[in-house]
There are 4 protein chains.
Amino acid sequence: MSDKRCRLRDLGLQVGILPTGKLNLITDVPGLKVGHCTITEGEGKLIPGQGPIRTGVTIIKPHSGNVYREKVRASSYVFNGYGKTIGLVQVQELGSIESFIALTNTLNVPKVADALIDFHLKENPDIGISTTTINTVVGECHDGKLNDIQGRHVKQQHVFEAIENANEIFEEGSVGAGTGMSALGFKAGIGSSSRMIEEGNLSYHLGTLVLSNFGGKNDLSILGHKFDEIDDIEEERVKGSIMIIIATDAPLNSRQLLRLAKRAPLGISRTGSFGSHGSGDVVIAFSTSNTIDHDNKQELIELKIVNERTKLFKNLLRAVVETTEESILNSLLTAETVIGRDENKSEAISIQKVKKLLSK
Amino acid sequence: MSDKRCRLRDLGLQVGILPTGKLNLITDVPGLKVGHCTITEGEGKLIPGQGPIRTGVTIIKPHSGNVYREKVRASSYVFNGYGKTIGLVQVQELGSIESFIALTNTLNVPKVADALIDFHLKENPDIGISTTTINTVVGECHDGKLNDIQGRHVKQQHVFEAIENANEIFEEGSVGAGTGMSALGFKAGIGSSSRMIEEGNLSYHLGTLVLSNFGGKNDLSILGHKFDEIDDIEEERVKGSIMIIIATDAPLNSRQLLRLAKRAPLGISRTGSFGSHGSGDVVIAFSTSNTIDHDNKQELIELKIVNERTKLFKNLLRAVVETTEESILNSLLTAETVIGRDENKSEAISIQKVKKLLSK
Amino acid sequence: MSDKRCRLRDLGLQVGILPTGKLNLITDVPGLKVGHCTITEGEGKLIPGQGPIRTGVTIIKPHSGNVYREKVRASSYVFNGYGKTIGLVQVQELGSIESFIALTNTLNVPKVADALIDFHLKENPDIGISTTTINTVVGECHDGKLNDIQGRHVKQQHVFEAIENANEIFEEGSVGAGTGMSALGFKAGIGSSSRMIEEGNLSYHLGTLVLSNFGGKNDLSILGHKFDEIDDIEEERVKGSIMIIIATDAPLNSRQLLRLAKRAPLGISRTGSFGSHGSGDVVIAFSTSNTIDHDNKQELIELKIVNERTKLFKNLLRAVVETTEESILNSLLTAETVIGRDENKSEAISIQKVKKLLSK
Amino acid sequence: MSDKRCRLRDLGLQVGILPTGKLNLITDVPGLKVGHCTITEGEGKLIPGQGPIRTGVTIIKPHSGNVYREKVRASSYVFNGYGKTIGLVQVQELGSIESFIALTNTLNVPKVADALIDFHLKENPDIGISTTTINTVVGECHDGKLNDIQGRHVKQQHVFEAIENANEIFEEGSVGAGTGMSALGFKAGIGSSSRMIEEGNLSYHLGTLVLSNFGGKNDLSILGHKFDEIDDIEEERVKGSIMIIIATDAPLNSRQLLRLAKRAPLGISRTGSFGSHGSGDVVIAFSTSNTIDHDNKQELIELKIVNERTKLFKNLLRAVVETTEESILNSLLTAETVIGRDENKSEAISIQKVKKLLSK
């Protein structure tokens, strides 16, 4: 299993037909940044509350400004609500996001949300005093197979560190919130991909980041090839979840973003999942265009949005499916083997076997 | 019961605090027109399929142009889905309405929808051939207490007649779709009301039209006065439904229109209803601003919409509650007593008793 | 293109891992029957309102009894609401279906709904007189490429004929509502498939029927093989829609049926679709267990439902994805080439090419 | 303003027609308990993060057992999603609640959720290790007018104290989560009410608890009497929110509980609110019957549920509207005047004025 990790396109493979952005990462959306904080401590037997720790936090900064002051238009789609993502009530009502988006493990959602509040209060000392409160958005998957999840080891300092680390270039695989996650029978975690959508003289980016932690090995399908063609699959393990963050600089309103979000499960499907009962599969989509000025008191707001009856809009839908599938595959291909609590092992998928499978 | 019918404000009474439009009708929204066709035939014993007939159709024309070519932004809210309104699937997905809106009785929905298709095909002969198909919107209540509902007596000619009759001035009470309807123990049917919303140099209209057919007499409340204070109420009858159409020329997107639509049940509540099981209570809201050009092929669309953080938006919400309550009361006060099938009688509410109740 | 039409399993191919029912049709669900009426008349140039006609209607009878009297528990999921399906408002509110389910073309929905009312009134002469009204469910796709859709040629007699024809054995492909439909670049229409779900001494059936009319040839994927590997694909055509009917005799409540319905798009995805803008993709799911007695006046109802935390439930979810994909492929493989209005041709997919593609 | 606080029925007044439970509190639902922890510290000028503190937490224990092990069937309805309630994603998907329900202020939601996790982990040490994780439900309103909300002063100890305090008898008004809340121009907070629903030999309880913090004084309406008839109302203040918890021992499934939840805004309406933009109005409804055994691995579950076509069900709907209105009025009548940060004062409504208003 010691083969070097890589991304799908490093193997000469690709998903779909649209061109990628420069980095083929969600950060191809101008201004967007992603930061991780990875926490790995101890090994051996689980002592609840103490370790071993295989967890972390990942932060998506929608743009480089003050997100509370310049909210992004957004929507969300709960494909399978067996999950604990917070903040969606307001996202759906107002069609906007006003905080960084954080990903972490299930039981750590409150601690991470509280740290996000700390951060945004510092930037906006009027929150809750002379202006409204703040709605933070935190998604999660369950890393308890490898991690002492009861310990809730992601503290304020880790959230701040992930914010500090946020950059255009970021790692995939067993990092940040992905540290303890597994999908489709193998070690997984963070994955990303992007597409360019161009029409006439318009040019937009759509990028996706996943936190993958779903499905069983017997379901795994890579670019149409069932993995069980080349490997012995013993038993089914189809718990876990997936968080999908979709970002674009195309000017979309929240209804249109919902339509995009609803396509993400089509990308999940192509990696083999059937959306099992115990999987909390949640999609959050936002646009960095037409940001909403928190302090604007004018009665009317002017905006431009995409005409849905165009090829441009169709390709945005297509880009969601393509980037979701590719992000999941990237999360598998980049993740290193991790041994966690009670010597539980989540093995990296063999790059050699993938090559062999795809060359059939 | 022979007292002259009137509207609420003819009694020196009013709902709420906002000023009404010129007519205090939904047609205060510029360009909007309403037309009825009332069908009253026969009396005595019900012969299913033949009569007696106490039914009709009411048409709302959102604006004076070709609605298929210039769609209006829209949303809908199903407060109680025990109903047969059609067309809402597409309204929710695309946030727009592309046909006239028709109201009729429950079993007549398909015939009326088919007649609407006839009408719009005539205006748009490319439908289904060189352009897309059409989504018609038809709402309903159950007039079977007075009417031979199995007979489905609203034919194409009646729909066309209602379209022909559409005008700024229109009747309320036992007319059009309201011919056979009863609410809160009395004869009811069509009612309407409007409000002006003004901020700075902006001035908008919001108007509501209801087809009321819900609730029991024991629940009836008029401007905070329970009707049973002055009348003997024998038994409960809490079936039926209500259709609520909300129109405005304020520039709202479909998410904002949904927020408006969700307030309509608050107006229903103030007339005494608790939203009984058997009541199909459906709200449709649309804006005549920022119409959507069916033939526009440009990638981007420019629009202005209302800033939700303004008093302007709050007053739009308030106007929904006020006009819904007032429209229901108008439907009661204007409706004449009707005797229908099997001598079933739906009595007009006594204006004298209402005066007495309100002067307490 | 003269190769003999067949089903996927006739080619020695299969979707997924679960065993099929006896017929591998939705009618493997005990008591359920499907009937078609196919209308093919005229050829050559389109004369709107007259022909040529390439359309029809398909009826799903949930069980052999009086469905109004014995309603089935149901739910629906609108994956893409660019469609005109009627009846879903009440299905969602009450979690039940009380009529046959009909499929037809878009503009014919009202006429078919009206005919369904005729049928059910005959069986239940108390409807709208001494009991409630009726909610009919009619889904649709747009067959205007081949058919004179403006003509609305499906009349009452055709609906009655389809009801009459209802049987356990039924045809797939260019029949009934599928007569004028195309999908993924080829002639398509009706397709079906089923699965057995067995746990301990329990044994249930889940069956799916699709009316397929979506996607472009450049997207077509068969069991993981992209069709464009073996064929020249000229241009994209990604309009159209898909209706998916899922039936089971497993005892599920409406919330659980919604969870099933939401998995159907995963099956669509595996045939290559990305859920394009103009596609009305609607899923209806029902269970024939725990039927609801219309005339039951008792306060409490006893029922058994599936425990969601079991392998049984997971396999029901899995069965939805498998049968949806296989139904779509069956609709393609069984449909014959049809030439319609203006000599528009929708070609059957070549079985030889499919064999070649799959043997790669 | 020194008149003695009381409940609505202490004034000889009542809402609606159904009989109350023994205590006229949500705790009339057998086994249900409510506990508060009130935190009042400091006065004078706001020092963000330090005080003054006027806040707290309120805990609803659905039954006396281990709620994670015996989940209650539940649903939620977001009337106005401008709010930060957490846990609803899973409540909607699975139709159940598996933790205590906590209410607190907006920015304290994460800290309270984290404390709830602590509590339930102690009772269920297998969470996240050998069984699934846990979904906690925490609702909120914004008490920043009186309280140093940035300080997030509700700590683990306060949550545990509220749990400890849980009892059948509990206080209303400015206690627990209600400590810093105001509604309709006056001091408000916690209020509750209940109804008995009896049919044949069946007897059920429905109880409601509100955390009221919405609306402006100019809107206040008490049993149909507008408060501005007797008081000078200067200006509008229509921010804030309301949380509504509805509990019953009637056996309802999650779809039926959603229908109940959707009626709560009708009760809000009767106190004068129009559901303003800035108000997060969230309803959570649950039934203590047919609890879900976390450890049950059997394929099928037997249950009894209420037949919706009965007077029993109608009265459950009616009870929601009645108890919501009465709970809000109780929250106003029982709350004492509170002076908070920066000497901001929220005055108790004058019982004398209410008496005067109602005697008109």
Side-chain angles (χ1 to χ4, degrees), chain B residues 46 48-49 76 78-95 105-118 121 125-136 138 140-145 147-152 239 241 277-278 280 282 341-342, chain C residues 46 48-49 76 78-94 105-118 121 125-136 138-145 147-152 239 277-278 280-282 341-342:
Chain B
L46 172 71
S76 66
V78 177
F79 172 58
N80 186 358
Y82 199 153
K84 286 82 179 172
T85 296
I86 68 168
L88 301 189
V89 168
Q90 186 167 316
V91 170
Q92 285 309 107
E93 181 76 26
L94 301 184
N105 78 41
T106 313
L107 295 185
N108 238 116
V109 168
K111 284 197 195 302
V112 170
D114 199 48
L116 275 189
I117 290 173
D118 283 325
L121 284 183
D126 54 345
I127 286 178
I129 300 174
S130 54
T131 191
T132 52
T133 59
I134 184 168
N135 180 56
T136 57
V138 186
E140 50 75 40
C141 295
H142 177 8
D143 58 13
K145 185 189 160 189
N147 177 49
D148 167 32
I149 191 170
Q150 289 197 356
R152 284 162 285 165
K239 285 193 182 167
S241 303
H277 163 64
V282 173
R341 63 115 160 159
D342 297 324
Chain C
L46 172 71
S76 67
V78 177
F79 172 59
N80 187 358
Y82 198 152
K84 287 82 180 172
T85 297
I86 70 169
L88 301 189
V89 168
Q90 186 167 314
V91 170
Q92 285 308 107
E93 183 75 26
L94 301 184
N105 78 41
T106 314
L107 295 185
N108 237 114
V109 168
K111 283 196 195 304
V112 170
D114 199 48
L116 275 188
I117 291 173
D118 283 324
L121 284 182
D126 55 345
I127 286 179
I129 299 174
S130 54
T131 192
T132 51
T133 59
I134 185 168
N135 180 57
T136 56
V138 185
E140 50 77 39
C141 296
H142 178 7
D143 59 13
K145 184 188 161 189
N147 177 49
D148 167 33
I149 192 171
Q150 289 196 359
R152 285 163 282 165
K239 283 193 182 165
H277 163 64
D281 302 345
V282 173
R341 63 115 160 159
D342 297 325

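So that the names make sense, note that chain A is the first sequence line, chain B the second, and so on, each numbered from 1. A quick note: this is a predicted structure, and the numbers were derived from the prediction, not measured. Atom set for the values below is all heavy atoms of this structure, side chains included, hydrogens, waters and symmetry mates excluded.
- Using a 4.5 Å cut-off between heavy atoms, C:Asp143 makes no contact with chain B at all.
- Judged as a ring pair (Phe, Tyr, Trp, His ring centres under 6.0 Å), and not counting sequence neighbours, the contacts of C:Tyr82 are C:His277.
- Contacts with chain C were tallied for B:Val91, B:Ile117, B:Val112; B:Ile117 has the most, counting heavy-atom pairs under 4.5 Å.
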For the pair B:Leu121 and C:Arg152, evaluate side-chain contact (heavy atoms from CB on, under 4.5 Å) and give the outcome as yes or no after the intermediate values. CA-CA 12 Å; B:Leu121 284 183; C:Arg152 285 163 282 165; 3.3 Å; yes

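- Closest approach of B:Thr131 to C:His142, counting heavy atoms only: O-NE2, 4.3 Å.
- Two residues are said to be in side-chain contact when any heavy atoms from C-beta on lie closer than 4.5 Å; B:Leu107 and C:Asp114 fail this criterion.
- Across B:Gly128 and C:Ile149, no two heavy atoms sit closer than the pair O-CG2, 3.4 Å.
- Note on B:Gly87, B:Gly280, B:Pro125, B:Gly83: by heavy-atom pairs under 4.5 Å with chain C, the leading option is B:Gly83.
- Distance CD1/B:Ile127 to OG1/C:Thr106: 11.5 Å, rounded to 0.5 Å.
- If you tally non-hydrogen atom pairs under 4.5 Å between each of C:Asn80, C:Asn147, C:Asp148, C:Val78 and chain B, the highest count goes to C:Asn80.
- Comparing B:Lys84, B:Gln92, B:Arg341 by how many heavy-atom pairs each has under 4.5 Å with chain C, the most go to B:Lys84.
- Neither the backbone nor the side chain of C:Asn105 comes within less than 4.5 Å of any heavy atom in chain B.
- Only the side chain of B:Leu46 comes within less than 4.5 Å of a heavy atom of chain C; its backbone N, CA, C and O stay farther away.
- Closest of all the heavy-atom pairs between C:Thr85 and B:Val89 is O-CG2, 4.0 Å.
- Partners of B:Ser241 by side-chain contact (heavy atoms from CB on, under 4.5 Å), not counting sequence neighbours, listed by chain and number: B:Cys141, B:Ser279, B:Asp281.
- Contacts of C:Leu88 with chain B are made by side-chain atoms alone, with heavy-atom separations under 4.5 Å and no backbone atom involved.
- Using a 4.5 Å cut-off between heavy atoms, C:Gln150 contacts chain B through both its backbone and its side chain.
- Using a 4.5 Å cut-off between heavy atoms, B:Asp118 contacts chain C through both its backbone and its side chain.
- In this structure, OG1 on B:Thr133 lies 12.0 Å from CG on C:Asn108, to the nearest 0.5 angstrom.
- Here the closest non-hydrogen pair linking C:Pro48 and B:Ile129 is CG-CD1, 3.8 Å.
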